[in-house]
Every structure is written in C-alpha cells, then in structure tokens.
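Remarks on the structure that follows.
Letters A, B, ... are given to chains in the order of the sequence lines, protein chains preceding strands, and every chain is numbered from 1.
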Number of protein chains: 2
Amino acid sequence: MVVDDEPSIRDLLSASLRFSGFEVVTAADGHEAVEVARRARPDLVVLDVMLPDLDGFEVARLIDAPVLFLTAREATEDKIAGLRVGDDYVTKPFSLEEVQARIRAVLRRTRAEGAPASKLKVADLELDEEAREVWRAGRQVRLSPTEFKLLHYFMANAGRVLSKAQILDHVWNYDFGGDAGVVESYVSYLRRKVDDVEPRLIHTLRSVGYVLREPPAG
Amino acid sequence: MVVDDEPSIRDLLSASLRFSGFEVVTAADGHEAVEVARRARPDLVVLDVMLPDLDGFEVARLIDAPVLFLTAREATEDKIAGLRVGDDYVTKPFSLEEVQARIRAVLRRTRAEGAPASKLKVADLELDEEAREVWRAGRQVRLSPTEFKLLHYFMANAGRVLSKAQILDHVWNYDFGGDAGVVESYVSYLRRKVDDVEPRLIHTLRSVGYVLREPPAG
DNA sequence: TTAGTCGTTCAGCAATTCCTCAGGTGGTTT
DNA sequence: AAACCACCTGAGGAATTGCTGAACGACTAA
C-alpha cells in the first residue's frame, strides 16, 4: 500500500511497483489509509510521515503491517528513533531503486522464513543485495552507493535495453535536474570496476541506451 | 490519442497510425485532450509538450494512460527527468518509424502480461525489436540506427513494394530535405550487411521501388 | 584540520554515423 | 549501336554521440 497526499508521488511509486510485479493499493491521507489497510491487508505500507490529517507514526500504529516511511531530508534525526523493529525509512527526494531496495529488505526481514537468496547473477558477475557485495570473476569489487544502485538496476533488468532517460528515472532521485551525462560517467566507472575482463557485459547501443548481457555465442 | 496543435503533425501521425491498424482519436489542445481522453479511454497518448493552453506534463497528469511526449530537440535535457515510469519521449522532428517503435515499446511495457515476442522473421532473417538484434543465417549483424529502422520498415512490410518516396516518408524525419539518393545508399549498406547470402531478400524494381521477400521457389 | 570519498559537470578526444557526390554498371529505348 | 536512365557503391567530410580524465564542492572520518 502506498500512502501519500501528493498524487505525483503516489503515481510514481505505484506505477514503478506495479511494473516490478507488486500488487498496489493507494491512499491519500491517514484515515483512508487505515480504512484501505483494513480491507486490503497489505504486506507492507509505504507511508509519508507528513499527511494532511494524521501523523504517519500514528497511522503506523493503527495498521498491522511493516512500514517504510517517507520523510523529508531534514526532519529525520529526531524521528527515526520512533521506528518499530522491522520498519525502515527513506528520505525525500528518493530514487525508485532506493525505495525498491528498502521494500525488499523489509519484506525479507519480515517473512523471516525461507529467506530468498537475494543474489543476482549474470555470467561471472554476482551481486548480493543483502550484503551489498559485488563479485566479478571471483574478485570482490568495491562500489560507491550510486555505482551499486546502477549496477543493481542493470542486473535486475539484464538483457533488457535501458535508455539513459529510464536509468535516470530509476537510479537518480526524482528531482534530479541534471542531464544524462552523469549516466555516461557512471557507466564508465562501472566498466572500469566490474567490466574490465572478458566477456564484456555492459554494451552501448548508440543513441538508444545500454544493455547488460552476456554476448551471444555467434 | 494524438494531441498536437499543428494540423499537419496531427494528420501525419493519425494517418500513419491508422494505416498500421491503430484506432486513433485526436485533440488540438490540452483541454480538448482531457475531455476526449475521458470519453475515449485511450491505451496511449502521443502528446506534444508545447500546447497553446496547458503544459504537456500537466495534461499527462490529468489523463490515466501512458504518454509518448513529443518535444523539441533542445528542450529535452531538463525535461526528461519529469517523465513518469512507463512514459517515453521522441524529439521533433521525428520519423514515423521512430514514433511507432516507441509506441510499441510503451505498450509492451504497460501491458506487462503476455508480452508479445516482438520478433520479425523473413526466411533466415530475424529482427528482434526489443533486444535490437538482427540475425541473418545464424550470424548476428550490427546495424546503425538508420539501418535498423530501414530494415524494420522493410520487414514490417515484407512482400509489399515500397517506393523510395514511401521509404523516405517513414524512415527519415519529416523535415528531411535531401533526395532519394540516401535511400539507395542505405539499401546498399543493408545488402552488404544482411543480404550477402542466398537467397537474396531485397529486390530492386527498377523505377518503382524495392521489395523485401523470399524469391519464389520456381 | 586534513585527507579521503563521492556526486557532478565539463571539455577534449575518439568512434560512429549520416549524407552527398561522382564515377561506374547494366538495363532500356531510340 | 548509341544515348539515356535508374541504380549501385566507394570515398570523404560534417555532424553527432559517447568515453574519460580532470576539477570542483559537499560531506565524512580520523
């Protein structure tokens, strides 16, 4: 369940989550959230702390599901102490990769049982979401946060062609104002760190975008 | 639904889309777009960013359908960050092939389920729109963007005779000023790259045009 | 404070792509 | 056979696109 009073944020999150295979319901304020949650029984709630009627933490108390809070970057310090065990938070403005990563982390912790491996693997490139580790050809590679998010997005969409605009939309914060040049820079960093051996996995499709995939045999 | 205030663009797009089997409704400004969309419930909206009354992004917010934006080549950089997930954009001046390719891509992403293969095949020549790959006689072939668009147009119209004027209208931008000589050049490139083995698939019909088809057995 | 990391921008260079043009080829007409 | 025509293709210059090193400020840890 996605709870936010701004329609643009609500749409952004629900479209992105639906695309990733989640079933999504939404609510625009605290009372609606409580009501919808009672009927829909969500596995997890993405909840803006700042709602027009109720405080996000109050809403969380009335709902029996783990919560991922959305909070303004300033108002964090004093609030995060109020998190229940199992909950987590993301600051606005966020990137979709960030939100989805946190959602998966919360669900993983919650559904303690049969923990899914949470490892992505393409050829001899491996990424462990949980441990935040990346391995290429048996060697561990250190990545910065943005490099990690970008590589994760590539690996989660291995074989699919991704435009620079798509990458910008998913990996960078939704309010990022810069141009696609920064994507080129980070692809360059990734190539140096994790794609400096054969077979090359990150391929440029000129004036289209990039793909991460094992090159075809022929 | 096609939304643009210039009648020439509106007609160009709606004629081309109708010919390809889409049902099309049109609108000339933002308010009309919102109204028409409410009644017609389009699966997708092709929307000029620059409208006389409302901003294209505002219109998009008021319509519950994925959007393919049409934007001027300059005004892209700062705007593409404003796309919602699932949306896409094409810069003016565009080619009809370009627009149709993007439309198909958006619809494919949106109707997540039962994704159609999106593969074209003629004899031992195969083209995968999604992966942007081309294979001839089991070998993968690398094509430039224009070569790819041209081959796609040929394969989507396999067996049909295409005049150079038709090809120019579909594959090249609508403001292209040059002559048909460029089509000859690109047909030549294609022949070298994908039609260098038997059976020959691209045939010249002198003073008529070209056809892509498997030659009859006899 | 200092050193280090990170995110971002930018400019110069490299690679690719686009298009034009002109000479050559081969078919068609006179 | 000669003249004409449509077409093919190689060459090359211009433009576009992408890559990467360098530099900057913000931030963090020691």
Side-chain angles (χ1 to χ4, degrees), chain A residues 73-74 76-77 91 93-95 97-98 132 134 141-151 153 161-165 167-168 170-196 200 202-211, chain B residues 73-74 76-78 80-81 91 93-95 97-98 132 134 141-151 161-165 167-168 171-196 200-211:
Chain A
R73 196 172 292 287
E74 304 79 33
T76 59
E77 302 296 345
T91 60
F94 49 77
S95 73
E97 271 291 304
E98 190 65 47
R132 288 212 132 225
V134 173
V141 181
R142 257 181 44 102
L143 296 183
S144 79
T146 302
E147 288 163 357
F148 186 87
K149 279 194 280 184
L150 176 57
L151 182 61
Y153 184 52
V161 178
L162 303 172
S163 72
K164 287 176 205 170
I167 294 172
L168 226 39
H170 280 82
V171 178
W172 270 259
N173 295 344
Y174 58 75
D175 72 337
F176 179 70
D179 72 350
V182 73
V183 177
E184 295 175 13
S185 282
Y186 271 86
V187 168
S188 176
Y189 299 154
L190 277 189
R191 282 189 164 134
R192 197 175 333 170
K193 288 189 176 180
V194 305
D195 208 21
D196 55 346
R200 302 299 159 126
I202 300 175
H203 308 280
T204 302
L205 299 180
R206 192 163 237 263
S207 68
V208 177
Y210 299 96
V211 206
Chain B
R73 194 174 292 286
E74 302 79 33
T76 58
E77 304 292 352
D78 33 310
I80 57 176
T91 60
F94 49 76
S95 72
E97 271 291 303
E98 188 67 46
R132 250 199 128 73
V134 173
V141 181
R142 263 181 39 108
L143 297 183
S144 80
T146 303
E147 289 163 359
F148 187 88
K149 278 194 279 184
L150 176 57
L151 181 60
V161 178
L162 304 171
S163 72
K164 286 178 207 170
I167 294 171
L168 227 38
V171 178
W172 269 260
N173 295 344
Y174 58 74
D175 72 338
F176 178 69
D179 71 348
V182 73
V183 177
E184 296 175 9
S185 282
Y186 273 89
V187 168
S188 173
Y189 299 154
L190 277 190
R191 283 188 163 133
R192 193 178 336 170
K193 288 190 176 180
V194 305
D195 209 21
D196 54 345
R200 303 300 160 129
L201 299 177
I202 301 175
H203 309 281
T204 302
L205 299 180
R206 204 181 165 74
S207 67
V208 178
Y210 299 96
V211 206

Please determine whether any donor N or O and acceptor N or O are separated by less than 3.5 Å between the side chain of Tyr189(A) and the base of dT8(C).
yes
What one should report as the nearest heavy-atom pair of Val183(A) and Tyr210(A) is CG1-CE1, 4.2 Å
Taking for Val208(B) and for Arg191(A) the nucleotide of DNA chain D with the nearest heavy atom, the one nearer the 5' end belongs to Val208(B)
What class does the angle between the rings of Trp172(A) and Phe176(A) fall in, given that below 30° is parallel, 30 to 60° is tilted and above 60° is perpendicular?
tilted
Which of dG7(C), dA6(D), dT17(D) is nearest the side chain of Ser207(B)? It is dA6(D)
Looking only at heavy atoms, the pair that brings His203(A) and Arg191(A) closest together is C-NH2, 3.9 Å
Side-chain atoms of Pro145(B) come closest, of dG21(D), dT16(C), dC18(C), to dC18(C)
Side-chain contact check for Arg142(A): nearest option of dC18(C), dT5(C), dT28(C) is dT5(C)
Original post:
So, does the side chain of Tyr210(A) form a donor-acceptor pair with the base of dC19(D) at under 3.5 Å?
Top reply: no
Next on the checklist: By the 4.0 Å heavy-atom rule, please label Gly178(B) as base, sugar-phosphate, or nothing.
Outcome noted: sugar-phosphate
Against the side chain of Phe176(B), the closest entry in dG7(C), dT9(C), dT20(C) is dT20(C)
Looking only at heavy atoms, the pair that brings Leu150(A) and Val187(A) closest together is CD2-N, 4.1 Å
Q.
So Lys164(B), base contact, sugar-phosphate only, or nothing? Heavy-atom distance under 4.0 Å.
A. sugar-phosphate
